[in-house]
S.K.: 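Following this message is one structure expressed as structure tokens.
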Amino acid sequence: MLRSIRTQELLSSFCSFCSKYTRTLVTQASTMTENKEIETSQGEKRPLDNDAEIEAKKQKIEPQPFIRIKRKNYAMMLGYCGKNYYGMQRNPGFNTIEEELIKAMLKADLITSEAFETIQNINFQRAARTDKGVSAVRQVVSLKLPEDPSKDSINETLPEDIRVFAIKRVTKGFNSKSQCDARTYSYTMPTFALAPENLELFQEMSEYNDVEKRMEQLSTIDGKPFHEYRLPQERKEKLTELLKVLEGTHNFHNFTSKVLPLDPRAKRYIMSFIAEEPFLVNNMEFITLKVKGQSFMLHQIRKMVAMVIGVIRNIVPREEFEKTVFEQAKYDITIAPSLGLMLNIVHYDYYNKRYGSDGMHDTLDWAECDQEIAEFEKNFILKHVFDTELKEKPMLEWLANLQVGAYGVRDESRDQKDDAKEDKDAKDDAKSSVSDE
């Protein structure tokens, strides 16, 4: 009996000792775990991450699921003053309209960085290219954007001399260039450029090439300062007749460069060429010419304007203008200043007729933007034209630089020299020219 009781007491004491020893080991292990440190690759020590921190890091490391953004075809209509830009088309190393537009779309999260680098990825296409310094009142580009793009998000980061007026949903295969029926350009210039020339002085000064003296001579017209010249009605009518000669289908190889007479590209169709009524700005009279055609070649419009000026100033015989310039012989025509030239309207008549009333697409006439467009044109484009003409006198300087050789059938011995000059003129335009090809 005593032996049994003694055995139970020993067993109870042993169990109590084991329990206390186990609790001590657990406590020490817990303490060691909490204080345990691991060395980093730099030899520094940091506490071991707890479960919450490890889980958070796992979430950060895990890749986010790819979300495909649905993109639709859109037509974007914008205007810009070309004063500070080397043309419309993107050109590495030069400040262009497209470069600013694409950067603004990237900042607005409308395109990806990949599309920024390779804009063709979103089917980007301009309706027309414009020269260095040439403006546009209504330029159109087609591209793919996310649904319901905001023009305001683009305008927020665009320079103030570039403005997006509207973005409209278009058909799946729409291309702003190939589906354009015609383009209208305007050319605004001072009317003193249309005053009759003193041919005796013109030939005399052409020999000496004294530009300053020539500008002094041109600064007076009929005994009055050149800026007070007003275009008589009979000369306005003569101007209209000369512009009419350029209408229709002609071989315009002499109105561009590097296009041979038999090249099919030389054939162009001019739908209309008109002169609007003259108007006054700060006591100087201006006039706007508007030409509508299916497409235009490099320098074609500026050469057409220069040719008309040459004829109306009596520098070029009218017979040469009406016949010789359209023949196969090479005929030199100088280039008018770029200042007053602007892309005015891009026409989509066929598209509007076919899709404009289908209930899903809008017409691309942009009539709802007319007021905003008119204000931008007045405050930026035309203001630049008028201010520059009044202060810097580019048209007067251009007239002073005209020489006898500015117009006429080319001497074969001059071909190489003049071709080199045309190449230089093209390069000076930074490869961004009024050419709709």
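Side chains included, hydrogens not; waters and symmetry mates left out as well; all remaining heavy atoms used.
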S.K.: Are side-chain N/O atoms of Ser295 and Arg268 paired as donor and acceptor at under 3.5 Å?
M.R.: yes
S.K.: Is it the case that more than 12 heavy atoms not belonging to Lys238 sit under 6.0 Å from its NZ atom?
M.R.: yes
S.K.: Main chain of Glu397, side chain of Asn401: is a donor-acceptor contact present, judged purely on distance under 3.5 Å?
M.R.: yes
S.K.: Are the side chain of Arg318 and the backbone N or O of Asn314 linked by a donor-acceptor pair below 3.5 Å?
M.R.: no
S.K.: In this structure, are over 12 heavy atoms from other groups packed under 6.0 Å from Phe279 atom CZ?
M.R.: yes
S.K.: Give a yes or no on whether a salt bridge exists between Glu197 and Arg214, defined as a side-chain N under 4.0 angstrom from a carboxylate O.
M.R.: yes
S.K.: Within the supplied structure, the quantity of interest is the number of heavy atoms (other residues, nucleotides, ligands) at a distance under 6.0 Å from Glu212 CD; does it exceed 12?
M.R.: no
S.K.: Look only at the side chain of Arg169 and the backbone of Asn73, and say whether a donor-acceptor pair between them is shorter than 3.5 Å.
M.R.: yes
S.K.: Please check this pair: side chain of Gln300 against backbone of Phe255, looking for a donor-acceptor N/O pair closer than 3.5 Å.
M.R.: no
S.K.: Looking at Glu319 and Lys323, is any side-chain nitrogen of the basic one under 4.0 Å from a carboxylate oxygen of the acidic one?
M.R.: no
S.K.: Do the non-hydrogen side-chain atoms of Leu158 and Leu78 ever get within less than 4.5 Å of each other?
M.R.: no
S.K.: Are any side-chain N or O atoms of Lys267 and backbone N or O atoms of Thr249, one a donor and one an acceptor, separated by less than 3.5 Å?
M.R.: no
S.K.: Can you tell me which residue pairs pass the ring pair (Phe, Tyr, Trp, His ring centres under 6.0 Å) test with a partner in residues 137-175, sequence neighbours excluded?
M.R.: Phe165-Phe376, Phe174-Tyr348, Phe174-Tyr351
S.K.: Under the side chain to side chain contact (heavy atoms under 4.5 Å, CB included) rule, what do Leu145 and Ile111 come out as? Steps first, then yes or no, please.
M.R.: CA-CA 7 Å; Leu145 294 173; Ile111 63 173; 4.3 Å; yes
S.K.: Pick one: which of Asn123, Ile119, Ile122, Leu101 meets side chain to side chain contact (heavy atoms under 4.5 Å, CB included) with Leu143?
M.R.: Ile122
S.K.: Please determine whether a side-chain nitrogen of the Lys or Arg among Glu276 and Lys290 lies less than 4.0 Å from a carboxylate oxygen of the Asp or Glu.
M.R.: yes
S.K.: Scan Lys393, Met395, Glu285 and name whichever one has a side chain to side chain contact (heavy atoms under 4.5 Å, CB included) with Pro190.
M.R.: Met395
S.K.: Run the salt bridge (charged side-chain N to carboxylate O under 4.0 Å, His left out) check on Glu247 and Lys244 step by step: do they pass?
M.R.: CA-CA 5 Å; Glu247 293 181 352; Lys244 204 78 176 172; 3.4 Å; yes
S.K.: Indicate yes or no for a side-chain donor-acceptor contact from His227 to the backbone of Ser219 under 3.5 Å, with no hydrogens or angles considered.
M.R.: no
S.K.: For Leu201 versus Gln217, what's the shortest heavy-atom pair and its separation?
M.R.: CD2-NE2, 3.8 Å
S.K.: Of all heavy-atom pairs between Ala195 and Arg235, which one has the smallest distance, and what is that distance?
M.R.: C-NH2, 3.9 Å
S.K.: For residues Leu246 and Val308, report the shortest heavy-atom separation together with the two atoms involved.
M.R.: CD1-CG2, 3.9 Å
S.K.: Can any side-chain N or O of Thr256 pair as donor or acceptor with the backbone N or O of Leu298 at less than 3.5 Å?
M.R.: yes
S.K.: Taking everything shown except Asp222 itself, do over 12 heavy atoms lie less than 6.0 Å from its CG?
M.R.: no
S.K.: Using atom types as modelled and distance alone, determine if a side-chain donor or acceptor of Arg313 lies under 3.5 Å from a backbone N or O of Ala193.
M.R.: yes
S.K.: Describe, in one word, how the ring planes of Phe321 and Phe326 are oriented to each other, choosing from parallel (under 30°), tilted (30 to 60°) and perpendicular (over 60°).
M.R.: tilted
S.K.: Do the non-hydrogen side-chain atoms of Lys236 and Glu277 ever get within less than 4.5 Å of each other?
M.R.: yes
S.K.: Are Lys132 and Phe94 close enough, and set up right, to give a side chain to side chain contact (heavy atoms under 4.5 Å, CB included), and what steps lead you there?
M.R.: CA-CA 10 Å; Lys132 170 187 174 182; Phe94 293 91; over 6 Å; no
S.K.: Please find the pair of heavy atoms, one from Pro146 and one from Leu110, that lie closest to each other, and give the distance.
M.R.: CD-O, 3.2 Å
S.K.: Do you know the tightest heavy-atom contact between Ala306 and Ala336?
M.R.: CB-N, 3.7 Å
S.K.: For Glu375, is there an ion pair with Arg163 - N to carboxylate O distance below 4.0 angstrom?
M.R.: no
S.K.: Could you tell me whether the side chain of Asp131 reaches within less than 4.5 Å of the side chain of His299, counting heavy atoms only?
M.R.: yes
S.K.: Is the backbone of Glu228 close enough, under 3.5 Å, to the side chain of Arg230 for a donor and an acceptor to pair up by distance?
M.R.: yes
S.K.: Could you walk me through whether Glu216 and Lys213 satisfy the salt bridge (charged side-chain N to carboxylate O under 4.0 Å, His left out) test, starting with their C-alpha distance in whole Å, then the side-chain angles of each, then the deciding distance to 0.1 Å, before giving a yes or no?
M.R.: CA-CA 5 Å; Glu216 185 179 342; Lys213 188 174 182 180; over 6 Å; no
S.K.: Counting distance only, does the side-chain N/O of Glu98 pair as donor-acceptor with the main-chain N or O of Arg90 below 3.5 Å?
M.R.: yes
S.K.: For a quick check under 3.5 Å, do Tyr331 and Glu320 share a side-chain donor-acceptor pair by atom type?
M.R.: yes
S.K.: For side chain to side chain contact (heavy atoms under 4.5 Å, CB included), just list the numbers for Ile333 and Tyr407, CA-CA rounded to whole Å, side-chain angles, deciding distance to a tenth of an Å, and then say yes or no.
M.R.: CA-CA 5 Å; Ile333 304 172; Tyr407 305 91; 4.3 Å; yes
S.K.: For a side chain to side chain contact (heavy atoms under 4.5 Å, CB included) check, start with the C-alpha distance between Met189 and Tyr187, then their side-chain angles and the critical distance, and finish with the verdict.
M.R.: CA-CA 7 Å; Met189 63 180 178; Tyr187 191 91; 3.8 Å; yes
S.K.: Could you check Thr184, Ile373, Asp365, Val346 and say which one makes a side chain to side chain contact (heavy atoms under 4.5 Å, CB included) with Arg138?
M.R.: Ile373
S.K.: If I compare all heavy atoms of Ala329 with all of His253, which pair ends up nearest, and what's the gap?
M.R.: O-CE1, 3.7 Å
S.K.: For the CD atom on Glu234, are there more than 12 heavy atoms of other groups (residues, nucleotides or ligands in this structure) within a distance under 6.0 Å?
M.R.: yes
S.K.: Got a sec: does the NZ of Lys151 have more than 12 other heavy atoms crowding it under 6.0 Å?
M.R.: yes
